[in-house]
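Each remark here refers to the structure printed beneath this line.
Chain letters run A, B, ... following the sequence lines, proteins first, then strands; residues in each count from 1.
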4 protein chains.
Amino acid sequence: MKKKEKTYQQILEATFILFAEFGIQGTSLAMIAEKVGISKPSIYYHFPSKDALIETVFKVIFADYRFDNYFQIDKMTAKNFEKKLYSGGISMIPETNEENFIVMKVLNEFILTAGREHNYAGEIVELQKDFLLGFERCMDKGVELGVVDAKDSKAKSQLLALTIDNISNYMLMGIQVEYRKIWKLAITNIMERVDK
Amino acid sequence: MKKKEKTYQQILEATFILFAEFGIQGTSLAMIAEKVGISKPSIYYHFPSKDALIETVFKVIFADYRFDNYFQIDKMTAKNFEKKLYSGGISMIPETNEENFIVMKVLNEFILTAGREHNYAGEIVELQKDFLLGFERCMDKGVELGVVDAKDSKAKSQLLALTIDNISNYMLMGIQVEYRKIWKLAITNIMERVDK
Amino acid sequence: MKKKEKTYQQILEATFILFAEFGIQGTSLAMIAEKVGISKPSIYYHFPSKDALIETVFKVIFADYRFDNYFQIDKMTAKNFEKKLYSGGISMIPETNEENFIVMKVLNEFILTAGREHNYAGEIVELQKDFLLGFERCMDKGVELGVVDAKDSKAKSQLLALTIDNISNYMLMGIQVEYRKIWKLAITNIMERVDK
Amino acid sequence: MKKKEKTYQQILEATFILFAEFGIQGTSLAMIAEKVGISKPSIYYHFPSKDALIETVFKVIFADYRFDNYFQIDKMTAKNFEKKLYSGGISMIPETNEENFIVMKVLNEFILTAGREHNYAGEIVELQKDFLLGFERCMDKGVELGVVDAKDSKAKSQLLALTIDNISNYMLMGIQVEYRKIWKLAITNIMERVDK
DNA sequence: TATGAATGAGACTTCATTCAT
DNA sequence: TATGAATGAAGTCTCATTCAT
């Protein structure tokens, strides 16, 4: 029983890594089997089909890639708001975290696929909304704490979501941007100018 | 002569549309041939290989998707700077531009592929840099015109590039964001607060 | 395990026969599969590619077609030298042996191919040299036994090699030559005229 | 009219050279067209099919590769018999005759093909017989001139034919043999030992 | 006299999947 | 719990050939 669970995990992990490197369509069961060190049909013992495997991979990512994993709103105070927001964003950026890099790559695969096949479309959108809503809650908290102007707070949250999201994309493409400065700038811009 | 050119264009267009719908790997020569209404080997009369066809599609997009097609820096003045910047960005957004929708989808395909196969990687990066540099030139112009504070002007331009880029991505995914507000907000934020 | 080995052998044998009949290039995997009674992709379970299959066929022939399989030098004596040489040569000639006929045909295929693709060139030459050297050793033995004049013994051995080789070629082409007489004549000519 | 004839010859020549290099099956009409510098369908203006082209190539070779082109029996005398025989053979050997090298390669192609398709089989055999008969006439002449023992004269002629034929084969394969010595030896062997 | 454009047949190969063991 | 053996469908690509121009 333990062995089964182990192989299952190995298959998932191998698939995960291969998806990041070769894409979903570019990854064959043969490749996965070889990486795990099992035979091709063995995969069918654990997953009824390639599609099911894909979906499982998706769900695993889906489960982990959540706003609350990066930002803890309930720990935000007027004093640390800007700082928490800043460090949360930075922790999302692939470069800073190897694991993230692969996750993001596979995620991008799914996002692209989502536009074509409707299997994941819903969940992808849900995932993006999780972040959008997370930033909204965050802005609300900021307003509540008196560090963010209530005006256009929804657009502000979306701007933050977009920014952090695309910084990741650029990192993934290997384009170097001054992401700390950019993120800082984005945050500063949406915050109330107390000095005024 | 005309006939060849016509079929050539038909193949390109069909490929283009199919790439947008099914992805590069998900599009077979059989599908293209069927869509055009020719036989599979006929494609080889016009393109030496599938790779060559892919590359041509890529170059066509690459040729058109340029910063200067959307923003005309030389026509910017202190007075219309904000407005021009705003309208230029809006014109890039898929929803407002049917044609753009497909272009962006295929472009995304290439971007994803670029991370894996190094065929287009260089050109993709070049393309992204074209936009990054475009916004930089834009900020410089803004500084020159006295409507943008010189401080962190590079990070500002990157922020704008990221924002407009990712608004497109969200639209592609079918996630509705208040993109006009977001874009407005982004622009306002980077502009000098003359009222201060 | 046994099943695999069996199919493997069946593929090899079918390939062998088809090569003899239609040539290497003239034999498709479809033809092989049909002859064996399996599906085309099944061949790939046993051989990674057509080239690999070709090479295996080549090696099988290569392993069997050896001078020592036809001539046993160590059993030659002054008395039986001429006779052993004669019977060894005769046993090589295709007509006398159905199996040989196919082997020779396929071998000729490889020889022809060898001139073009350098895959087998080296081994083909090695094979020919095996026979050339075999006859040289044979002549040396003859000299040692005192039944062959040492003069030009190398040219003599080459003459024998050429003769037996081309008798085969003629048989393959269906040209009837008095091969027994020819071979006899060739042997007689190179032997020391003791009676003179 | 002249132009037509010229192109016709160019096609033949190109085909000839390509056959020698890539084999008959390995040579496509596209390759021929490219080498000549014309379009693929243009070949069909001069030859009704690839098979027809192949046959023409065959006939051209067939017309030139004749015993009488290398050996002039009517000029043989008792004195020069051995010498003429020797030089005639040497002139047939590819190494000594650049042109011959290609001819022999293509000829070998046809010989191999002949075993499979019955198109050329008859003519190939006829060609080989031309040489066999040539050597027979040659031996008869030798007998008539009193320099060759009448006994087994047919087998002797066949031995000579085989020998010179296979020296060519070895040269083609790039196996160096002492062909002058071999040929000399073969001739000496079949000649009457006048010194006895 | 030649070619531009196209095609049906078929080549090798890979894939996800099945099923008896 | 896993695999050995096999397969139908589909992929890219090449070939000899056709036909209107």
Roughly how many Å is it from CD in D:Glu34 to P in E:dT3, rounded to a whole number?
-> 14 Å
Got a donor-acceptor contact below 3.5 angstrom from the A:Thr27 side chain to the A:Phe22 backbone?
-> no
Parallel, tilted or perpendicular: which fits the ring planes of A:Tyr8 and A:Phe47, with parallel below 30° and perpendicular above 60°?
-> parallel
N/O contacts under 3.5 Å, protein versus nucleotides 17-21 of chain F?
residue : atom : partner : partner atom : Å
F:dT17  : OP2  : D:Tyr44 : OH           : 3.0
F:dT17  : OP2  : D:Lys50 : N            : 2.9
F:dT17  : O5'  : D:Tyr44 : OH           : 3.2

Taking all non-hydrogen atoms of both residues, which atom of D:Gly26 and which atom of D:Met31 are closest, and how far apart?
-> O-SD, 3.5 Å
Figure out the NZ/P separation between B:Lys6 and E:dA5, and round it to whole Å.
-> 13 Å
Which nucleotide in the list E:dG8, F:dT3, F:dA2 gets nearest to the side chain of A:Thr7?
-> F:dA2
Paired to F:dT3 by Watson-Crick or G-U wobble criteria (both distances under 3.5 Å) is E:dA20
With sugar-phosphate meaning primed atoms plus P, OP1 and OP2, does C:Ser42 contact a base, only sugar-phosphate, or nothing at under 4.0 Å between heavy atoms?
-> base
Partner residues of A:Tyr44 under the side chain to side chain contact (heavy atoms under 4.5 Å, CB included) criterion, sequence neighbours left out | A:Leu29
Spacing of C:Gln25 atom CD relative to F:dT14 atom P, expressed in whole Å = 15 Å
Check: A:Phe110 and A:Glu123 side chains under 4.5 Å, non-hydrogen atoms = no
